[in-house]
Amino acid sequence: MTLIALDVMSGDLGAQECVPAALLALASDSSLRLKLVGQSSVMAPLLDAAAPAAGVRDRLELIEASEIITMTDAPREAIRRKKQSSMRIAADLVHDGLAEGMVSAGNTGALTAISHFVLKCLPEVERAPIMTSIPNRHAFTQLLDVGANLRATPVQLRQFAIMGAIVARDVHGRERPRVGLLNIGEEETKGHDLVQEAHALLKDLRVAFEYVGFVEGQDIFSGDVDVVVTDGFTGNVALKTMEGVAGLIGDRLKREFTADLPSKLAGLAARPVLKRVSGSLDPRRFNGAIMVGLKHIVVKSHGSADRYAMAQAIAIAATAVRKRLVQHVSQALGSGDHSTC
């Protein structure tokens with residue numbers, strides 16, 4: 001059995017979506033157990049209303065947490081003043097060996113700070129980046145960092161590349177991942193000193209992934225690269241820009257297909273195609289960003305994730321545990337010979 005702690009109270013939607021998500025995850029994975037961390041007075045009625053089957057309910061445990069870390073709480077204050085929060089207790093359960101990983105949709109800064117403070121980075125890792133999946137032409141691209149570290153040194157970017165390749169291989173099944181370093185151009189002379197230094201470090205690696213060099217923003221979607229590496233500031237801006245563009249396209253299509261009767265008829269005719277496209281690009285299918293490089297598994301869910309998206313994040317955490325992701329990262333970085341990664 002794989003045991004995951006779920007921070008139920010954090011995020012934009014909280015227990016209302018996290019409790020049903022837990023039940024969905026348990027129903028689809030008979031080898032999964034969950035500890036739901038939050039306020040019992042909130043969680044218990046939601047469970048009672050859902051009336052899960054005995055086989056599902058038996059693999060679920062409620063853990064009391066009296067406090068909630070909000071999306072506006074400062075990371076340092078979350079560590080100092082909210083030790084009884086659902087996020088902190090979930091991390092403590094993992095630290096104490098009472099869970100093998102945790103999932104939270106809460107405040108990214110607070111989760112990053114608590115993860116580093118409680119769970120710690122592997123000895124070989126300077127900073128743990130957040131890695132997420134982005135749909136591309138063929139499947140999806142792994143992008144890191146998307147917000148944990150606003151700045152990154154060349155050495156850290158090199159570590160991000162190695163860890164990203166391991167996740168792409170072990171969690172997402174890419175046998176020999178293609179890794180690119182995000183830049184303003186593919187030419188060797190483009191970019192500031194930091195990316196130039198990181199590029200030089202990556203070129204010198206003896207690795208079991210293919211370093212393709214500099215890539216640009218559009219390459220995230222081309223399907224020609226499996227992992228794109230950047231700092232947390234750039235990665236987060238890129239991610240939020242993608243979300244905004246996707247929303248704009250969806251709104252524009254809806255407006256055009258409802259503008260008049262001919263447009264509505266065209267919309268009806270196109271509905272099967274639009275439904276397939278929408279399904280393939282549904283962000284809920286890609287929810288769940290691994291904070292890679294920690295001593296334990298931490299998965300960050302989107303703050304506004306619904307139950308289906310949250311269930312996907314739980315599944316990713318369980319897969320990372322079963323694939324022994326932490327051990328593989330430690331082995332690859334600690335050996336100095338990255339041909340084994």
Side-chain angles (χ1 to χ4, degrees), residues 1-40 42-65 68 86-87 89-94 97-106 111 115 119 130-133 140 167 170-173 279 282-292 294 296-326:
M1 285 282 184
T2 303
L3 181 55
I4 302 296
L6 177 61
D7 171 14
V8 170
M9 307 305 296
S10 299
D12 297 332
L13 304 177
Q16 182 178 350
E17 292 297 318
C18 285
V19 170
L23 298 178
L24 284 173
L26 290 167
S28 63
D29 186 346
S30 60
S31 297
L32 176 67
R33 292 175 57 212
L34 293 175
K35 290 181 182 285
L36 305 192
V37 187
Q39 296 173 349
S40 298
V42 176
M43 296 187 293
L46 291 169
L47 279 175
D48 292 341
V56 171
R57 183 65 179 84
D58 292 344
R59 290 183 283 121
L60 183 155
E61 180 183 357
L62 302 186
I63 305 295
E64 182 64 30
I68 301 172
S86 54
M87 185 186 293
I89 291 177
D92 288 339
L93 288 170
V94 177
L98 301 177
E100 297 171 274
M102 68 169 287
V103 178
S104 176
L111 181 62
S115 297
L119 302 177
I130 297 176
M131 180 173 181
T132 194
S133 300
F140 44 83
V167 175
D170 292 353
V171 178
H172 300 290
D282 187 347
R284 297 181 301 180
R285 296 179 57 229
F286 307 97
N287 185 52
I290 298 175
M291 192 173 292
V292 62
L294 296 170
H296 302 275
I297 297 299
V298 175
V299 171
K300 170 68 173 73
S301 167
H302 198 290
S304 60
D306 65 9
R307 62 196 64 184
Y308 302 103
M310 181 64 73
Q312 174 63 18
I314 296 169
I316 286 176
T319 299
V321 169
R322 291 165 183 161
K323 294 287 189 177
R324 301 178 67 248
L325 179 64
V326 171

(request) Answer yes if the side chains of D7 and S86 hold a donor-acceptor pair under 3.5 Å, and no otherwise. (result) yes
(request) Drop me the distance from M310's CE to S104's OG, to the nearest 0.5 angstrom. (result) 7.0 Å
(request) Check M9 against A15 and note the closest heavy-atom contact, atom names and distance. (result) SD-CB, 4.3 Å
(message) So for atom CD, which belongs to E64, do other residues, nucleotides or ligands contribute more than 12 heavy atoms lying within a distance under 6.0 Å?
(response) yes
(request) Taking all heavy atoms of I316 and all of G288, pick out the closest pair and write down the distance. (result) CD1-O, 3.5 Å
(request) Return the minimal non-hydrogen interatomic distance between R59 and L32, and the atom names on each side. (result) NH1-O, 2.8 Å
(request) Check whether any side-chain heavy atom of L60 sits under 4.5 Å from a side-chain heavy atom of L23, and report yes or no. (result) yes
(request) Using atom types as modelled and distance alone, determine if a side-chain donor or acceptor of E61 lies under 3.5 Å from a backbone N or O of K35. (result) no
(message) When you compare the side chain of I4 with that of V299, does any pair of heavy atoms fall below 4.5 Å?
(response) no
(message) If I take atom CG from residue L294 and atom CG from residue L325, how far apart are they, to the nearest 0.5 angstrom?
(response) 10.5 Å
(request) Mind checking the CD1-NE2 spacing from I290 to H172? Nearest 0.5 Å is all I need. (result) 5.5 Å
(message) Within the structure provided, determine whether I68 and Q39 are in side-chain contact (heavy-atom separation under 4.5 Å).
(response) yes
(request) Might you point out which heavy atoms bring L26 and R33 nearest each other, and give the distance in Å? (result) CD2-CA, 4.1 Å
(request) Please examine the side chains of R307 and L13, heavy atoms only from C-beta on, and report whether any two atoms are closer than 4.5 Å. (result) no
(message) Can you give me the closest heavy-atom contact between A305 and E17, atom names plus distance?
(response) O-CB, 4.2 Å
(message) For R322 versus T2, what's the shortest heavy-atom pair and its separation?
(response) NE-OG1, 2.8 Å
(request) Would you check if L111 and M291 make a side-chain contact, meaning some heavy-atom pair closer than 4.5 Å? (result) yes
(request) To the nearest 0.5 angstrom, please state how far the NE2 atom of H302 sits from the NZ atom of K300. (result) 7.5 Å
(message) Is it the case that the side chain of K323 and the backbone of A318 share a donor-acceptor pair, with hydrogens and angles ignored and the cut-off at 3.5 Å?
(response) no
(message) What's the separation between atom CD1 in I297 and atom OG in S115, rounded to the nearest 0.5 Å?
(response) 11.0 Å
(message) Working to the nearest 0.5 angstrom, can you tell me the gap between L34 CG and L3 CG?
(response) 7.5 Å
